[in-house]
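As structure tokens, the structure follows; a few thoughts come after it.
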Amino acid sequence: LRNWAAPPLDVHRLDAVVLSHAHLDHTGYLPALVKHGFKGPIYCTAGTADLARILLPDSAHLQEEAAARANRRGYSKHRPALPLYTVADAEAALERLTPRLYHRPFEAAPGLEITYRYAGHILGSATVTATFDGKTAATLAFSGDLGRWNQPVLPDPEFISQADVLLLESTYGDRIHAADPEAELARVVRETAERGGVLIIPAFAVGRTQEILWHLKRLEDHQAIPRLPVYLDSPMAIDVTDLYRRHADEHDKQMRRALAAGDHPLTPSQLTLAHTPEESKAINALSGPIVIVSASGMATGGRVLHHLARRLPERRTTVLLVGFQAAGTRGRSLQEGAKTVRMFGQDVPVRARIETLDGLSAHADREEILRWLHGFEQPPTETVLVHGEAGAAAHLADTIHRTLGWSVHSAQDGERVEIRQA
């Protein structure tokens, strides 16, 4: 309902939009914003621009398909059902993308200077500092989605030394990730292979898929798992993986060393790319042991649903959930032990083994968030927690207050925060 409501501000007064990264929960409303009349620049990093050119038209296309299906079958409350925005709206938003470099301050609006630093979350992800040049300068820092240290492919998160107000993500503010996800991944692959089963990994096309491919290749090279056929069944993930290979400016030392040695670190030895629907359907006829990596990461849509519908009733199947599963998603239902899940109008029995691997998350956990906060030379006047379920945010607020003594609270709907110099 909020997506369909008019924006809660006059978009014609907006000077610019500054993006932290390309994930749809951060960019997905841009076509609607432009549709409502926004005509300013949309600032982002080069990696974010490249990913947005894949994600936003795809989002619009899916909405157009959903609206057309609702009109054919007559199940929408609206006549006719309409997409929130069209592919044309997405293309109009993409025309406003204005890439900027990391570490190079730029003026986003009169008196407003922006600096991007590496966030280590996905390709192109950045933390944002916004300095307002008034009678006395004041700085707002935004963590965006904060990544992790010592993860493959991307550089570590960079510290910010000063801010008057900090907006901080809190997705995993109440937990600590597993210490060695690679060892757990190896165990799951080996056990599934020994059963002659199919390992299905629902994975986000951006970030998570590339990390999984990296770990599978490393485990093969170290003979920790058998060399199994691996099917990457997501056209978007295939395109995004190519972007990850090409953005050498964001490769970490491990990735650079592997490429310099002539290796292919995102390519397991028996990798098959399923571009077309026909290639995707052909996987359903295969028997195990095989690995299927397919979107979406929370099993809310995409090609992975067809594999789950086909394989969940089989006891030899393993479904490996490799990231946060939001409440209300099929992934969360599987994680919580559902005996059936609803797909394509039918209740599919769940006899497969369901495993969770939190250690592959692209979000910093509680201790990693605290590590990043220690980079501030002095506490912000106010720290406001966003991007987390209520329990995780409350836990993180308590932890920050107890361990650092900072003034911190969870953001409230409609709240206004004054940005002023300490």
Consider only side-chain N and O atoms of [X] and [Y], and report whether a donor and an acceptor are under 3.5 Å apart.
X: Tyr85; Y: Ser59; answer: yes
X: His247; Y: Asp50; answer: yes
X: Arg332; Y: Thr300; answer: no

Distance in Å, [X] [atom1] paired with [Y] [atom2], rounded so as to fall on 0.5 Å steps:
X: Thr356; Y: Leu334; atom1: OG1; atom2: CG; value: 9.0 Å
X: Tyr172; Y: His177; atom1: OH; atom2: NE2; value: 5.5 Å
X: Glu158; Y: Thr115; atom1: CD; atom2: OG1; value: 11.0 Å
X: Leu370; Y: Leu404; atom1: CG; atom2: CG; value: 6.0 Å
X: Arg353; Y: Arg316; atom1: CZ; atom2: CZ; value: 13.0 Å
X: Leu19; Y: Phe142; atom1: CG; atom2: CZ; value: 10.0 Å

Taking every non-hydrogen atom, the tightest pair across [X] and [Y]:
X: Leu321; Y: Gly331; result: CD1-O, 3.5 Å
X: Asn71; Y: Ala81; result: OD1-N, 2.8 Å
X: Leu266; Y: Trp214; result: CD2-CB, 3.9 Å
X: Ala309; Y: Phe344; result: CB-CE1, 4.2 Å
X: Val304; Y: Ser294; result: N-OG, 3.2 Å
X: Ala163; Y: Ala141; result: CB-CB, 3.6 Å

With sequence neighbours left out, write down each residue that passes salt bridge (Lys or Arg N to Asp or Glu O under 4.0 Å) with [X], or none if nothing qualifies.
X: Glu382; value: none
X: Arg195; value: none
X: Glu415; value: none

Open item on the list: Restricting to side-chain hydrogen bond (donor to acceptor under 3.5 Å, both in side chains), what partner residues turn up for Thr192, sequence neighbours left out?
Closed with: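 In terms of side-chain hydrogen bond (donor to acceptor under 3.5 Å, both in side chains), with neighbours along the sequence ignored, Thr192 is linked to Thr318.
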
Taking 4.0 angstrom as the limit, do [X] and [Y] come out as a salt bridge?
X: Glu194; Y: Arg190; result: no
X: Asp365; Y: Arg175; result: no
X: Arg218; Y: Asp221; result: no
X: Arg187; Y: Glu184; result: yes

Task: Set of residues satisfying ring-ring contact (aromatic ring centres under 6.0 Å, His included) with respect to His103, sequence neighbours excluded - done: Tyr118

Measuring only between side-chain heavy atoms, which start at C-beta, is [X] closer than 4.5 Å to [Y]?
X: Val348; Y: Pro313; answer: yes
X: Ile369; Y: Leu373; answer: yes
X: Thr209; Y: Leu232; answer: yes
X: Val291; Y: Tyr231; answer: no

Task: Whether Tyr102 and Tyr116 hold their rings parallel, tilted or perpendicular, with breakpoints at 30° and 60° - done: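 Because their plane-to-plane angle is over 60°, the rings of Tyr102 and Tyr116 count as perpendicular.
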
Task: side-chain hydrogen bond (donor to acceptor under 3.5 Å, both in side chains) evaluation trace for His23 with His121 - done: CA-CA 10 Å; His23 274 149; His121 176 62; 3.3 Å; yes

Other residues, nucleotides and ligands only: do more than 12 of their heavy atoms fall within 6.0 Å of [atom1] on [X]?
X: His275; atom1: NE2; answer: yes
X: Arg2; atom1: CZ; answer: no
X: Gln346; atom1: CD; answer: no

- [ ] Would you verify whether the NZ or CZ of Arg100 falls within 45 degrees of the ring axis of Tyr43 while also being under 6.0 Å from that six-membered ring's centre?
- [x]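 Relative to the ring axis of Tyr43, which defines the angle, Arg100 lies outside at least one limit.
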
Open item on the list: Between His387 and Asp145, does the side-chain hydrogen bond (donor to acceptor under 3.5 Å, both in side chains) criterion hold? Intermediate values first, please.
Closed with: CA-CA 8 Å; His387 202 294; Asp145 283 7; 3.2 Å; yes

TODO: Could you tell me whether a side-chain N or O of Thr399 sits under 3.5 Å from a main-chain N or O of His395, the two making a donor and an acceptor?
DONE: yes

- [ ] Please collect all side-chain hydrogen bond (donor to acceptor under 3.5 Å, both in side chains) contacts where either partner lies in residues 251-263, sequence neighbours excluded, each pair once.
- [x]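 For residues 251-263, and leaving out neighbouring residues, the side-chain hydrogen bond (donor to acceptor under 3.5 Å, both in side chains) pairs sorted by first residue read Lys217-Asp263.
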
TODO: With salt bridge (charged side-chain N to carboxylate O under 4.0 Å, His left out) as the test, would you mind laying out the steps for Asp347 and Arg342 before giving the verdict?
DONE: CA-CA 4 Å; Asp347 291 322; Arg342 188 84 174 167; 3.3 Å; yes

TODO: Might you work through the side-chain hydrogen bond (donor to acceptor under 3.5 Å, both in side chains) test for Arg148 and Ser361, ending with a clear yes or no?
DONE: CA-CA 9 Å; Arg148 307 183 62 196; Ser361 174; 5.7 Å; no

- [ ] For the pair Glu169 and Ser143, evaluate side-chain hydrogen bond (donor to acceptor under 3.5 Å, both in side chains) and give the outcome as yes or no after the intermediate values.
- [x] CA-CA 6 Å; Glu169 77 123 307; Ser143 70; 5.7 Å; no

